[in-house]
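Lettering of chains follows the sequences in order, A, B, ..., and the numbering in each one begins at 1.
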Amino acid sequence: MNKKLTILKLDPMHAFGESSRHSEKTWKEIDQYDLDQQDLSNIDVLVISNFVDQEYLLKQKNIIENFLADQKIVVFCGHLFRMWLPGVSPFIPERVQTFSDYEVFTTNNDSGIFDGVTTGDMTYNKGVAGFFARGYHPVSHDVEVLLRFKSGHPVTYIDRSSSAGTILVHAGRDLLGYSSNHKTTGRIPDQLYTWLEREVQTHA
Amino acid sequence: MRKIGVVYSGNDVHYKTFHEPKFNQYIHKLIYLPEFQNTSLDELDVLVVPSQLHKQLLLEAAPKIHAFANEGKIVVALGPQPWNWLPNQKWEERPTNFWWWLEKNAKSGLIANLPEHEFFNYIPLENATWHQHGVFWPPEGCEKIITAEDGGAFLYIDRISTKGTWIITTLDPDYHFGSYFMPATERFLEGFFPYLAIGNI
(Lines give C-alpha, C1' and ligand atoms only; values in the text may rest on other atoms or scores of the structure.)
Protein backbone atom coordinates (compact mmCIF):
# COMPACT_ATOMS: atom_id res chain seq x y z
CA MET A 1 0.00 0.00 0.00
CA ASN A 2 2.71 2.46 0.98
CA LYS A 3 4.46 2.60 -2.33
CA LYS A 4 6.46 5.62 -3.39
CA LEU A 5 4.74 8.03 -5.73
CA THR A 6 6.21 8.10 -9.24
CA ILE A 7 5.54 11.29 -11.18
CA LEU A 8 6.49 11.77 -14.82
CA LYS A 9 6.53 15.25 -16.27
CA LEU A 10 6.69 16.11 -19.96
CA ASP A 11 9.39 18.69 -20.66
CA PRO A 12 8.58 20.96 -23.64
CA MET A 13 12.35 21.71 -23.85
CA HIS A 14 11.68 25.44 -24.16
CA ALA A 15 13.93 28.36 -23.24
CA PHE A 16 12.14 29.30 -20.00
CA GLY A 17 12.71 25.79 -18.67
CA GLU A 18 16.45 25.86 -19.33
CA SER A 19 17.60 27.32 -15.99
CA SER A 20 15.81 24.67 -13.91
CA ARG A 21 16.14 21.79 -16.37
CA HIS A 22 18.99 20.07 -14.58
CA SER A 23 18.08 20.85 -10.97
CA GLU A 24 17.07 18.09 -8.59
CA LYS A 25 13.38 17.27 -8.61
CA THR A 26 10.98 14.90 -6.92
CA TRP A 27 9.68 13.83 -10.31
CA LYS A 28 11.10 12.31 -13.44
CA GLU A 29 11.19 14.38 -16.62
CA ILE A 30 11.31 13.33 -20.23
CA ASP A 31 11.35 15.21 -23.51
CA GLN A 32 7.68 15.65 -24.45
CA TYR A 33 8.29 13.95 -27.80
CA ASP A 34 9.45 10.76 -26.04
CA LEU A 35 5.99 10.13 -24.57
CA ASP A 36 5.14 7.61 -27.29
CA GLN A 37 8.33 5.64 -26.49
CA GLN A 38 7.91 5.74 -22.73
CA ASP A 39 6.91 2.76 -20.60
CA LEU A 40 4.22 4.20 -18.33
CA SER A 41 3.50 0.99 -16.41
CA ASN A 42 5.38 2.18 -13.32
CA ILE A 43 4.21 5.79 -13.50
CA ASP A 44 1.41 6.94 -11.18
CA VAL A 45 1.04 10.54 -12.28
CA LEU A 46 1.60 12.28 -15.60
CA VAL A 47 2.15 16.04 -15.29
CA ILE A 48 1.60 18.07 -18.45
CA SER A 49 2.05 21.81 -18.31
CA ASN A 50 1.88 24.88 -20.51
CA PHE A 51 4.42 25.12 -23.36
CA VAL A 52 3.71 21.49 -24.19
CA ASP A 53 2.97 20.70 -27.86
CA GLN A 54 -0.77 19.95 -27.89
CA GLU A 55 -0.76 19.02 -31.59
CA TYR A 56 1.56 16.17 -30.62
CA LEU A 57 -0.55 15.25 -27.58
CA LEU A 58 -3.62 14.99 -29.78
CA LYS A 59 -1.76 12.36 -31.83
CA GLN A 60 -0.94 10.54 -28.57
CA LYS A 61 -4.50 10.74 -27.25
CA ASN A 62 -4.69 6.94 -26.94
CA ILE A 63 -1.66 6.86 -24.65
CA ILE A 64 -3.28 9.37 -22.32
CA GLU A 65 -6.62 7.54 -22.43
CA ASN A 66 -4.99 4.17 -21.72
CA PHE A 67 -3.02 5.67 -18.85
CA LEU A 68 -6.24 6.98 -17.31
CA ALA A 69 -8.02 3.69 -17.99
CA ASP A 70 -5.40 2.15 -15.67
CA GLN A 71 -6.86 4.34 -12.89
CA LYS A 72 -3.90 6.71 -12.93
CA ILE A 73 -3.68 10.49 -12.61
CA VAL A 74 -3.10 13.23 -15.18
CA VAL A 75 -2.36 16.77 -14.00
CA PHE A 76 -2.78 19.39 -16.72
CA CYS A 77 -1.84 23.03 -16.18
CA GLY A 78 -2.34 25.30 -19.18
CA HIS A 79 -4.84 26.41 -21.81
CA LEU A 80 -6.28 23.43 -23.62
CA PHE A 81 -7.04 23.92 -27.33
CA ARG A 82 -6.82 20.37 -28.71
CA MET A 83 -9.08 17.62 -27.43
CA TRP A 84 -6.46 15.19 -26.11
CA LEU A 85 -7.65 15.04 -22.51
CA PRO A 86 -10.97 13.28 -21.82
CA GLY A 87 -13.83 15.55 -20.82
CA VAL A 88 -11.91 18.83 -20.98
CA SER A 89 -13.44 21.67 -23.00
CA PRO A 90 -11.33 24.32 -24.73
CA PHE A 91 -9.98 27.23 -22.70
CA ILE A 92 -12.00 30.46 -22.56
CA PRO A 93 -10.44 33.71 -21.33
CA GLU A 94 -12.21 35.22 -18.33
CA ARG A 95 -14.16 38.36 -19.21
CA VAL A 96 -13.12 41.07 -16.78
CA GLN A 97 -14.59 44.51 -16.09
CA THR A 98 -12.10 45.31 -13.37
CA PHE A 99 -8.80 43.76 -12.27
CA SER A 100 -10.46 42.24 -9.21
CA ASP A 101 -12.45 39.97 -11.56
CA TYR A 102 -9.23 37.94 -11.79
CA GLU A 103 -9.49 37.12 -8.07
CA VAL A 104 -9.37 33.39 -7.44
CA PHE A 105 -11.32 31.81 -4.56
CA THR A 106 -10.86 28.44 -2.89
CA THR A 107 -14.02 26.36 -2.68
CA ASN A 108 -15.04 24.23 0.24
CA ASN A 109 -13.27 21.02 -0.73
CA ASP A 110 -11.18 18.40 1.00
CA SER A 111 -8.33 18.07 -1.52
CA GLY A 112 -6.02 20.14 0.68
CA ILE A 113 -4.10 21.38 -2.36
CA PHE A 114 -4.92 25.03 -1.71
CA ASP A 115 -5.25 24.92 2.10
CA GLY A 116 -3.89 28.13 3.58
CA VAL A 117 -3.31 29.65 0.14
CA THR A 118 -4.89 33.09 0.05
CA THR A 119 -6.89 34.80 -2.71
CA GLY A 120 -4.49 37.74 -2.45
CA ASP A 121 -1.35 35.67 -2.98
CA MET A 122 -2.91 33.74 -5.84
CA THR A 123 -4.30 36.78 -7.63
CA TYR A 124 -1.86 39.60 -7.07
CA ASN A 125 1.85 40.12 -7.46
CA LYS A 126 2.99 43.58 -6.34
CA GLY A 127 -0.56 44.80 -6.84
CA VAL A 128 -0.93 43.40 -10.35
CA ALA A 129 -3.80 40.94 -10.83
CA GLY A 130 -4.17 37.89 -12.97
CA PHE A 131 -0.92 36.03 -12.47
CA PHE A 132 -2.52 32.79 -11.41
CA ALA A 133 -5.10 32.36 -14.12
CA ARG A 134 -6.72 34.38 -16.88
CA GLY A 135 -9.42 31.99 -17.92
CA TYR A 136 -11.08 28.64 -17.45
CA HIS A 137 -12.17 25.37 -19.02
CA PRO A 138 -16.00 25.24 -18.98
CA VAL A 139 -17.58 22.21 -17.26
CA SER A 140 -21.04 20.74 -17.30
CA HIS A 141 -20.24 17.32 -15.91
CA ASP A 142 -19.59 15.94 -12.48
CA VAL A 143 -16.34 17.54 -11.30
CA GLU A 144 -14.98 18.80 -7.99
CA VAL A 145 -14.09 22.47 -8.40
CA LEU A 146 -11.17 23.63 -6.22
CA LEU A 147 -10.76 27.22 -7.38
CA ARG A 148 -13.20 29.63 -8.97
CA PHE A 149 -13.25 33.19 -10.24
CA LYS A 150 -15.80 35.61 -8.78
CA SER A 151 -17.96 34.79 -11.84
CA GLY A 152 -18.08 31.15 -10.74
CA HIS A 153 -15.99 29.92 -13.66
CA PRO A 154 -13.78 27.02 -12.58
CA VAL A 155 -10.04 27.75 -12.58
CA THR A 156 -9.05 24.38 -11.15
CA TYR A 157 -11.03 21.16 -10.86
CA ILE A 158 -10.76 17.42 -10.29
CA ASP A 159 -12.56 15.12 -12.72
CA ARG A 160 -13.09 11.52 -11.62
CA SER A 161 -16.04 10.90 -13.96
CA SER A 162 -14.63 11.29 -17.48
CA SER A 163 -12.27 8.34 -17.12
CA ALA A 164 -11.43 5.50 -14.75
CA GLY A 165 -8.58 7.62 -13.46
CA THR A 166 -8.34 11.13 -12.06
CA ILE A 167 -7.73 14.33 -14.01
CA LEU A 168 -6.67 17.56 -12.33
CA VAL A 169 -7.22 20.52 -14.65
CA HIS A 170 -5.73 23.92 -13.83
CA ALA A 171 -6.14 26.84 -16.25
CA GLY A 172 -2.82 28.41 -15.32
CA ARG A 173 0.85 27.71 -14.91
CA ASP A 174 2.51 24.57 -13.63
CA LEU A 175 1.28 24.06 -10.05
CA LEU A 176 4.49 22.18 -9.17
CA GLY A 177 6.46 25.27 -10.22
CA TYR A 178 5.33 27.58 -7.42
CA SER A 179 8.11 28.25 -4.95
CA SER A 180 7.99 31.03 -2.41
CA ASN A 181 9.00 31.37 1.19
CA HIS A 182 7.01 34.53 1.75
CA LYS A 183 3.79 33.85 -0.17
CA THR A 184 1.19 31.23 0.61
CA THR A 185 1.30 29.99 -3.02
CA GLY A 186 4.62 28.40 -2.00
CA ARG A 187 2.54 25.77 -0.16
CA ILE A 188 0.96 24.46 -3.34
CA PRO A 189 3.61 21.97 -4.62
CA ASP A 190 3.92 20.08 -1.30
CA GLN A 191 0.15 20.03 -0.77
CA LEU A 192 -0.38 18.88 -4.34
CA TYR A 193 2.14 16.11 -3.78
CA THR A 194 0.29 15.03 -0.62
CA TRP A 195 -3.01 14.99 -2.50
CA LEU A 196 -1.45 12.93 -5.31
CA GLU A 197 -0.18 10.38 -2.77
CA ARG A 198 -3.64 10.10 -1.28
CA GLU A 199 -5.32 9.87 -4.67
CA VAL A 200 -2.92 7.11 -5.77
CA GLN A 201 -3.69 5.20 -2.56
CA THR A 202 -7.41 5.27 -3.28
CA HIS A 203 -6.72 3.51 -6.59
CA ALA A 204 -4.18 1.05 -5.09
CA MET B 1 3.49 42.37 -49.77
CA ARG B 2 6.06 39.88 -48.49
CA LYS B 3 5.01 36.32 -47.83
CA ILE B 4 5.57 35.55 -44.17
CA GLY B 5 6.08 32.07 -42.72
CA VAL B 6 5.88 31.48 -38.98
CA VAL B 7 7.29 28.50 -37.11
CA TYR B 8 4.64 27.05 -34.79
CA SER B 9 5.50 25.01 -31.68
CA GLY B 10 2.05 23.57 -30.99
CA ASN B 11 1.98 25.21 -27.56
CA ASP B 12 -1.00 27.14 -26.21
CA VAL B 13 0.43 30.66 -26.49
CA HIS B 14 1.60 30.19 -30.08
CA TYR B 15 -1.77 28.70 -30.97
CA LYS B 16 -3.52 31.80 -29.65
CA THR B 17 -1.08 34.38 -31.06
CA PHE B 18 -0.73 33.04 -34.58
CA HIS B 19 -4.42 32.13 -35.00
CA GLU B 20 -5.56 35.59 -33.93
CA PRO B 21 -7.27 36.78 -37.15
CA LYS B 22 -5.61 40.18 -37.35
CA PHE B 23 -2.16 38.56 -37.19
CA ASN B 24 -3.07 35.37 -39.04
CA GLN B 25 -4.07 37.33 -42.16
CA TYR B 26 -0.41 38.35 -42.46
CA ILE B 27 0.81 34.75 -42.17
CA HIS B 28 1.15 32.97 -45.50
CA LYS B 29 2.26 29.71 -43.95
CA LEU B 30 2.23 28.40 -40.40
CA ILE B 31 4.93 25.74 -40.17
CA TYR B 32 4.57 23.17 -37.40
CA LEU B 33 8.08 22.76 -36.00
CA PRO B 34 8.19 18.92 -36.06
CA GLU B 35 7.40 19.16 -39.81
CA PHE B 36 9.82 22.00 -40.51
CA GLN B 37 12.46 19.85 -42.25
CA ASN B 38 9.88 18.54 -44.71
CA THR B 39 8.28 21.90 -45.44
CA SER B 40 9.25 24.03 -48.43
CA LEU B 41 10.23 27.60 -47.65
CA ASP B 42 10.64 28.50 -51.32
CA GLU B 43 7.62 30.76 -51.66
CA LEU B 44 8.40 32.68 -48.47
CA ASP B 45 10.16 36.03 -48.14
CA VAL B 46 10.18 36.18 -44.34
CA LEU B 47 10.52 33.45 -41.72
CA VAL B 48 9.52 34.25 -38.14
CA VAL B 49 11.12 32.03 -35.50
CA PRO B 50 9.24 32.66 -32.25
CA SER B 51 10.36 32.21 -28.65
CA GLN B 52 10.18 29.07 -26.50
CA LEU B 53 10.73 26.48 -29.22
CA HIS B 54 11.81 22.91 -28.50
CA LYS B 55 15.59 23.00 -28.12
CA GLN B 56 16.55 20.00 -30.22
CA LEU B 57 14.12 20.71 -33.05
CA LEU B 58 15.23 24.35 -33.16
CA LEU B 59 18.91 23.42 -33.35
CA GLU B 60 18.15 20.84 -36.06
CA ALA B 61 16.18 23.49 -37.97
CA ALA B 62 18.98 26.08 -37.73
CA PRO B 63 20.96 25.08 -40.88
CA LYS B 64 17.80 25.29 -43.00
CA ILE B 65 16.96 28.69 -41.47
CA HIS B 66 20.48 29.91 -42.30
CA ALA B 67 20.16 28.57 -45.85
CA PHE B 68 16.87 30.50 -46.17
CA ALA B 69 18.60 33.71 -45.01
CA ASN B 70 21.46 33.11 -47.44
CA GLU B 71 18.99 33.33 -50.31
CA GLY B 72 18.78 37.02 -49.40
CA LYS B 73 15.63 36.57 -47.34
CA ILE B 74 14.52 37.86 -43.95
CA VAL B 75 14.64 35.85 -40.72
CA VAL B 76 13.07 37.11 -37.49
CA ALA B 77 14.00 35.66 -34.09
CA LEU B 78 11.90 36.50 -31.03
CA GLY B 79 12.59 36.22 -27.32
CA PRO B 80 15.34 34.83 -25.14
CA GLN B 81 17.66 32.50 -27.06
CA PRO B 82 19.81 30.55 -24.60
CA TRP B 83 21.14 28.21 -27.32
CA ASN B 84 23.54 29.26 -30.05
CA TRP B 85 21.93 29.17 -33.45
CA LEU B 86 21.79 32.81 -34.59
CA PRO B 87 24.61 34.26 -36.71
CA ASN B 88 27.43 35.54 -34.48
CA GLN B 89 25.14 35.13 -31.48
CA LYS B 90 26.21 36.73 -28.23
CA TRP B 91 23.26 36.41 -25.85
CA GLU B 92 23.57 37.70 -22.31
CA GLU B 93 20.87 36.53 -19.94
CA ARG B 94 19.92 39.20 -17.40
CA PRO B 95 17.55 39.16 -14.46
CA THR B 96 14.13 39.98 -15.87
CA ASN B 97 13.04 43.51 -14.93
CA PHE B 98 9.41 42.51 -14.36
CA TRP B 99 8.68 45.41 -12.08
CA TRP B 100 10.54 48.41 -13.50
CA TRP B 101 7.32 50.37 -13.95
CA LEU B 102 6.43 50.23 -10.26
CA GLU B 103 9.63 52.05 -9.26
CA LYS B 104 9.96 55.74 -8.55
CA ASN B 105 11.01 57.69 -11.67
CA ALA B 106 10.41 54.48 -13.56
CA LYS B 107 12.72 53.72 -16.45
CA SER B 108 12.03 50.80 -18.71
CA GLY B 109 15.70 50.63 -19.65
CA LEU B 110 14.79 50.76 -23.35
CA ILE B 111 16.36 53.35 -25.62
CA ALA B 112 15.41 54.15 -29.21
CA ASN B 113 19.01 54.03 -30.37
CA LEU B 114 18.14 54.78 -34.02
CA PRO B 115 15.04 56.98 -33.57
CA GLU B 116 14.75 57.71 -37.31
CA HIS B 117 14.63 54.02 -38.19
CA GLU B 118 11.70 52.77 -40.29
CA PHE B 119 10.88 50.29 -37.52
CA PHE B 120 9.53 53.09 -35.31
CA ASN B 121 7.04 54.16 -38.00
CA TYR B 122 5.28 50.89 -37.25
CA ILE B 123 6.15 50.34 -33.61
CA PRO B 124 6.66 53.36 -31.38
CA LEU B 125 9.00 52.61 -28.49
CA GLU B 126 6.15 52.49 -25.96
CA ASN B 127 4.65 49.56 -27.90
CA ALA B 128 7.94 47.68 -27.51
CA THR B 129 8.09 48.38 -23.81
CA TRP B 130 7.56 45.62 -21.30
CA HIS B 131 10.18 43.62 -19.45
CA GLN B 132 13.29 42.09 -20.98
CA HIS B 133 15.02 38.79 -20.34
CA GLY B 134 18.48 39.79 -21.55
CA VAL B 135 20.43 41.48 -24.32
CA PHE B 136 22.38 40.58 -27.43
CA TRP B 137 25.82 41.95 -28.30
CA PRO B 138 25.65 42.06 -32.09
CA PRO B 139 28.66 42.21 -34.40
CA GLU B 140 30.07 45.59 -35.40
CA GLY B 141 28.06 47.15 -38.23
CA CYS B 142 24.62 45.86 -37.21
CA GLU B 143 21.72 48.29 -36.80
CA LYS B 144 21.03 48.41 -33.07
CA ILE B 145 17.48 49.77 -33.06
CA ILE B 146 16.47 49.35 -29.42
CA THR B 147 19.21 49.10 -26.82
CA ALA B 148 19.88 49.18 -23.10
CA GLU B 149 21.77 52.12 -21.62
CA ASP B 150 25.01 50.14 -21.77
CA GLY B 151 24.58 49.44 -25.50
CA GLY B 152 23.36 45.85 -25.25
CA ALA B 153 20.73 45.27 -27.95
CA PHE B 154 17.08 44.41 -27.36
CA LEU B 155 16.35 44.61 -31.08
CA TYR B 156 18.81 44.77 -33.95
CA ILE B 157 19.13 44.03 -37.66
CA ASP B 158 22.09 42.05 -38.91
CA ARG B 159 22.74 42.38 -42.66
CA ILE B 160 26.43 41.50 -42.48
CA SER B 161 26.79 38.04 -40.94
CA THR B 162 24.98 36.26 -43.79
CA LYS B 163 23.63 37.13 -47.22
CA GLY B 164 20.21 37.72 -45.68
CA THR B 165 18.62 40.04 -43.17
CA TRP B 166 18.13 38.99 -39.55
CA ILE B 167 15.78 40.93 -37.30
CA ILE B 168 16.66 39.74 -33.83
CA THR B 169 15.00 40.78 -30.60
CA THR B 170 15.00 39.63 -27.01
CA LEU B 171 11.37 40.76 -26.79
CA ASP B 172 8.79 37.97 -26.78
CA PRO B 173 5.41 39.44 -27.81
CA ASP B 174 4.38 36.03 -29.19
CA TYR B 175 4.48 34.62 -25.67
CA HIS B 176 2.78 37.48 -23.83
CA PHE B 177 -0.05 38.10 -26.27
CA GLY B 178 -0.76 34.37 -26.28
CA SER B 179 -0.89 34.23 -22.51
CA TYR B 180 -3.35 37.13 -22.26
CA PHE B 181 -0.74 39.32 -20.63
CA MET B 182 0.79 42.70 -21.36
CA PRO B 183 -1.38 44.83 -23.73
CA ALA B 184 1.75 46.47 -25.22
CA THR B 185 2.61 43.14 -26.85
CA GLU B 186 -0.63 43.22 -28.84
CA ARG B 187 0.19 46.73 -30.08
CA PHE B 188 3.72 45.54 -30.90
CA LEU B 189 2.40 42.72 -33.09
CA GLU B 190 -0.19 45.04 -34.71
CA GLY B 191 2.78 47.04 -35.99
CA PHE B 192 5.28 44.25 -36.43
CA PHE B 193 3.38 42.08 -38.94
CA PRO B 194 2.70 45.07 -41.26
CA TYR B 195 6.36 46.13 -40.86
CA LEU B 196 7.48 42.65 -41.96
CA ALA B 197 4.94 42.57 -44.81
CA ILE B 198 5.33 46.03 -46.34
CA GLY B 199 7.99 47.92 -44.35
CA ASN B 200 11.21 49.19 -45.87
CA ILE B 201 13.55 46.52 -44.48
Side-chain angles (χ1 to χ4, degrees), chain A residues 10-22 30-34 36 48-60 76-82 84-85 88 90-96 99 102 124-137 170-174, chain B residues 7-20 30-36 49-60 77-85 91 93-103 130-131 133-134 170 172 174-183:
Chain A
L10 300 189
D11 183 350
M13 303 298 286
H14 59 308
F16 280 165
E18 184 67 5
S19 58
S20 62
R21 187 151 287 132
H22 305 292
I30 57 165
D31 185 324
Q32 60 177 352
Y33 294 125
D34 291 337
D36 54 342
I48 302 175
S49 298
N50 52 336
F51 293 111
V52 80
D53 177 354
Q54 294 191 38
E55 307 287 355
Y56 169 77
L57 287 180
L58 183 62
K59 289 178 199 141
Q60 312 307 330
F76 172 62
C77 307
H79 301 170
L80 189 118
F81 64 90
R82 291 284 181 248
W84 52 270
L85 191 54
V88 186
F91 174 84
I92 298 283
E94 179 72 351
R95 185 165 286 280
V96 293
F99 62 89
Y102 278 131
Y124 297 96
N125 203 346
K126 297 182 197 263
V128 182
F131 275 81
F132 204 69
R134 298 210 153 206
Y136 60 98
H137 298 94
H170 173 63
R173 300 168 192 210
D174 180 8
Chain B
V7 179
Y8 165 55
S9 65
N11 75 27
D12 52 8
V13 296
H14 286 166
Y15 176 79
K16 147 89 171 151
T17 299
F18 301 129
H19 289 88
E20 162 62 41
L30 202 56
I31 306 165
Y32 180 44
L33 180 57
E35 292 163 3
F36 182 79
V49 184
S51 64
Q52 307 301 330
L53 295 179
H54 183 274
K55 175 182 179 179
Q56 197 56 40
L57 292 184
L58 172 62
L59 295 177
E60 284 168 17
L78 301 174
Q81 299 291 346
W83 310 298
N84 274 320
W85 68 276
W91 159 255
E93 185 125 357
R94 290 186 176 175
T96 306
N97 61 335
F98 287 117
W99 305 108
W100 64 268
W101 44 284
L102 293 177
E103 287 159 18
W130 56 97
H131 60 252
H133 301 279
T170 68
D172 52 355
D174 56 315
Y175 167 66
H176 289 289
F177 176 76
S179 41
Y180 302 87
F181 246 71
M182 231 78 78

Distance in Å, B:Leu57 CG paired with A:Met13 CE, rounded so as to fall on 0.5 Å steps: 9.5 Å
May I ask you to test the A:Glu55-B:Tyr32 pair for a side-chain heavy-atom distance under 4.5 Å? yes
Most heavy-atom pairs under 4.5 Å with chain A, out of B:Gly10, B:Gly79, B:Gly178, belong to B:Gly10
From CZ (A:Phe51) to NE2 (B:His14), nearest 0.5 Å: 8.0 Å
Under the side-chain contact (heavy atoms from CB on, under 4.5 Å) criterion, do B:Lys55 and A:Asp31 qualify, and how do the steps go? CA-CA 10 Å; B:Lys55 175 182 179 179; A:Asp31 185 324; over 6 Å; no
Options A:Asp53, A:Asp11, A:Leu58, A:Asn50, ranked by heavy-atom pairs under 4.5 Å with chain B, top entry: A:Asp53
Distance flag, aromatic centroids of B:Tyr180 and A:Phe91, threshold under 6.0 Å: yes
Using the test salt bridge (charged side-chain N to carboxylate O under 4.0 Å, His left out), find all partners of A:Asp174 that sit at least two apart in sequence or belong to another chain. A:Lys9
Counting only non-hydrogen atoms closer than 4.5 Å, does B:Leu33 touch chain A with its backbone (N, CA, C, O), its side chain (CB onward), both, or neither? neither
Give the ring-plane orientation class for A:Phe16 versus B:Tyr175, where under 30° counts as parallel, over 60° as perpendicular and anything between as tilted. perpendicular
What part of B:Ser179 gets closer than 4.5 Å to chain A, counting heavy atoms only: side chain, backbone, both or neither? backbone
When rounded to the nearest 0.5 angstrom, what is the spacing between CG in A:Leu57 and CG in B:Asn11? 11.5 Å
Determine whether the side chains of B:Gln56 and A:Tyr33 contain a donor N or O and an acceptor N or O closer than 3.5 Å. no
Among residues at least two apart in sequence or on other chains, which ones pass salt bridge (charged side-chain N to carboxylate O under 4.0 Å, His left out) with A:Glu18? A:Arg21
May I ask you to decide if A:Ala15's main-chain N or O and B:Gln52's side chain share a donor-acceptor pair within less than 3.5 Å? yes
Value for CG (B:Asp12) from OG (A:Ser49), rounded to nearest 0.5 Å, stands at 10.0 Å
